[in-house]
Amino acid sequence: MTATATRVLVLNSGSSSLKYQLLDMTDGARLAVGLVERIGEETSRLAHTPLATGGDKRETEGPIADHEAALKAVGAELAADGLGLDSPELAAIGHRVVHGGLKFTEPTVIDDAVLQEIERLVPVAPLHNPANLTGIRTAQALRPDLPQVAVFDTAFHTTMPEHAARYAIDVATADAHRIRRYGFHGTSHAYVSRRTAELLGKDPSEVNVIVLHLGNGASASAVAGGRCVDTSMGLTPLEGLVMGTRSGDIDPAVTFHLKRVAGMSEDEVDVLLNKKSGLIGLCGDNDMREIRRRIDEGDERARLAFDIYIHRLKKYIGAYSAVLGRVDAVAFTAGVGENAAPVREAAVAGLEEMGLAVDASLNAVRSDEPRLISPEYARVAVAVVPTDEELEIAQQTYALVSA
């Protein structure tokens, strides 16, 4: 890597989408951001914003056959801004990879052995790892000379002790099929827990934080001194909190019951729990803004959905307070966590004996900056910390290739 190579391209490859950001690691500035969606369809769309030049968002529509065509189109947009993929200033490409199992505990330079291991983990991440692999191979083909780095969603959670990570099932069966709690949203939990410590003016090693990543997918983590000791998602992202379309925690016997009594197939149960449950299953909406609007109009289904969502949040706050023993802060992040003041207020309401409280005026403020929303007298800080997974991936990637 040359001394002038300070840029990192971050790629997040989905089955039919490609999100990207180009960052300059001298100051973490975003030079360009964009999204290619509906890859493989006639109605593919590319939205590109050249932040480095202050230009307006550019959108193009038309067929984009595959991820190779998508990345080439992204390269053309970047080149139009003088930021092309062939630039000598590009130090590396960082890839979000959802599942790294137990093998990958930190960012990793991608080689054939790494690709084989990511592929071996496809059975435990069938919706995500194949798409991540496609993005990696596409980028390798276009820039074979450039370091490609995998940053794993699961890596931050590999510090969990065995008593938190293991399920209480037959050990031989669990080991044979790699069944355990892996956790997800790890880059977000790592970033937010560290930024929360900074907000408190302390080193991460001195702070115990409960991080609540609340988006359409939602997860909680207990972070002790910068290390994850428990997290709500498990073998898959289905376990834990109530989410936009996922059920979260559920009696596993429900699946057997649905097969026996309702005659549902495994695939139908899978779709039910992952895509037709959570908020959308409870009230038909998975947009918290719409749910709050309906509550204000007296909609009882929306109210019940909200109450179930909050009840599960409270349970995890209480459980992780017990796991940590001492809690210095509870941090809300991601789309709902950062923007839905009623969710934050309701989640800590009634937990005053645990040292939690929210100042109504501070909670009502909308800002892109990390901030405290608890009153000065509160024993436990309550924070809103906008997550930045792309910056976290870029920082981890650049640190690795620089070293």
Side-chain angles (χ1 to χ4, degrees), residues 5-14 17-37 46-52 57 67 70-71 74-75 77-78 81 83 85 87 89-100 104 106-110 128 131-132 134-136 138-139 143 146-156 184-196 198 211 213-217 219 237 331 333-339 368-370 384-402:
T6 60
R7 296 174 181 170
V8 172
L9 177 65
V10 175
L11 297 181
N12 183 351
S13 302
S17 66
L18 179 66
K19 297 178 183 177
Y20 63 93
Q21 291 195 13
L22 181 66
L23 298 95
D24 187 332
M25 301 318 297
T26 57
D27 57 4
R30 284 169 176 75
L31 305 177
V33 301
L35 167 67
V36 187
E37 55 187 350
L46 192 162
H48 173 85
T49 305
L51 300 175
K57 179 190 288 188
H67 281 73
L71 191 53
V74 169
E77 291 290 345
L78 292 170
D81 305 315
L83 305 168
L85 294 178
S87 168
E89 295 179 75
L90 189 59
I93 298 178
H95 298 267
R96 179 199 181 209
V97 179
V98 168
H99 216 307
F104 298 112
E106 55 190 18
T108 305
V109 175
I110 299 167
H128 298 97
N132 301 155
T134 298
I136 291 168
T138 300
R143 282 299 307 267
L146 203 63
Q148 313 268 338
V149 175
V151 179
F152 298 91
D153 271 16
T154 49
F156 182 65
F184 300 89
H185 297 144
T187 50
S188 177
H189 287 279
Y191 178 85
V192 171
S193 59
R194 190 174 64 250
R195 292 286 282 142
T196 302
E198 292 173 7
V211 178
H213 177 108
L214 308 180
N216 193 48
S219 59
T333 193
V336 174
E338 294 169 26
N339 298 299
D368 293 330
E369 296 298 318
V384 180
V385 181
T387 192
D388 198 333
E389 294 174 88
E390 289 77 16
L391 178 59
E392 182 73 14
I393 292 171
Q395 288 175 334
Q396 292 190 27
T397 296
Y398 190 68
L400 180 60
V401 299
S402 298

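Predicted model, so just to flag it, every value in this text is computed and none were measured.
Put simply, the side chain of Thr333 gets close to the backbone of Val385: a donor and an acceptor are under 3.5 Å apart. The backbone N or O of Leu83 sits nowhere less than 3.5 Å from a side-chain atom of Ser87 that would complete a donor-acceptor pair. Between the side chain of Asp153 and the backbone N or O of Thr187, no donor-acceptor pair lies under 3.5 Å. Using a distance-only test at 3.5 Å, with no hydrogens or angles considered, no donor-acceptor pair links the side chain of Arg195 to the main chain of Pro370.
Residue Leu11 holds its CG atom at 8.0 Å from CD of Gln148, rounded to the nearest 0.5 Å. The CG atom of Asn12 sits 8.0 Å away from atom CG of Leu18, with the distance rounded to the nearest 0.5 Å. Between atom CG of residue Leu46 and atom OH of residue Tyr20 there is a gap of 5.0 Å, rounded to the nearest 0.5 Å. The structure places CG of Leu51 at 9.5 Å from CG of Asp81, a figure rounded to the nearest 0.5 Å. Distance check, rounded to the nearest 0.5 Å: CG of Leu146 to CG of Leu9 gives 9.0 Å. With values rounded to the nearest 0.5 angstrom, Leu71 atom CG is found 9.0 Å from Leu78 atom CG.
Between Ser13 and Asn132 the shortest heavy-atom distance is O-ND2, 3.1 Å. Summarising the geometry of His48 relative to Ala32, their closest heavy-atom pair is CE1-CB, 3.8 Å, with the distance given to 0.1 Å. Closest of all the heavy-atom pairs between Ala139 and His95 is CB-CE1, 3.6 Å. Nearest approach of Val384 to Gly337, heavy atoms of both residues: CG1-O, 4.2 Å. Scanning all heavy atoms of the two residues, the minimum distance from Ala150 to Val97 falls at CB-CG2, 3.8 Å. Across all non-hydrogen atoms, the minimal contact from His67 to Thr138 is O-CG2, 3.5 Å.
Classification of Glu390 and Lys19 as a salt-bridged pair fails, no side-chain N sitting under 4.0 Å from a carboxylate O.
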Leu31 vs Glu89, test: side-chain contact (heavy atoms from CB on, under 4.5 Å). Steps then yes/no. CA-CA 12 Å; Leu31 305 177; Glu89 295 179 75; over 6 Å; no

Let's go through Ser219 and His185 carefully: what are the C-alpha distance in whole Å and the side-chain angles of both, what is the deciding distance for side-chain hydrogen bond (donor to acceptor under 3.5 Å, both in side chains) to 0.1 Å, and is it a yes or a no? CA-CA 7 Å; Ser219 59; His185 297 144; 2.7 Å; yes

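For Ser193, the side-chain contact (heavy atoms from CB on, under 4.5 Å) criterion is met by Phe156, Val211, Val223, not counting sequence neighbours. With sequence neighbours excluded, the residues satisfying side-chain hydrogen bond (donor to acceptor under 3.5 Å, both in side chains) with Ser188 are His213, Thr387. Partners of Pro147 according to the side-chain contact (heavy atoms from CB on, under 4.5 Å) rule, which considers only residues two or more places apart in sequence or in another chain, are Ala92, Val401.
Centroid-to-centroid, the aromatic rings of His99 and Phe184 come within less than 6.0 Å.
At a threshold of 4.5 Å between non-hydrogen side-chain atoms, the residues Val98 and Thr154 do not count as touching. A heavy-atom distance below 4.5 Å is found between the side chains of Met25 and Leu23. By the 4.5 Å heavy-atom criterion applied to side chains, Val149 and Tyr398 are not counted as neighbours. In this structure, Gln21 and Leu391 have side chains that are not in contact, with every pair of non-hydrogen atoms separated by 4.5 Å or more. The side-chain heavy atoms of Thr108 and Phe152, taken from C-beta on, include a pair separated by under 4.5 Å. Looking only at side-chain heavy atoms (C-beta outward), Leu90 and Leu22 come within less than 4.5 Å of each other. Considering only heavy atoms from C-beta on, Thr397 stays 4.5 Å or farther from Val10 through its side chain.
Within 6.0 Å of the CG atom in Asp27, the count of heavy atoms belonging to other residues, nucleotides or ligands exceeds 12.
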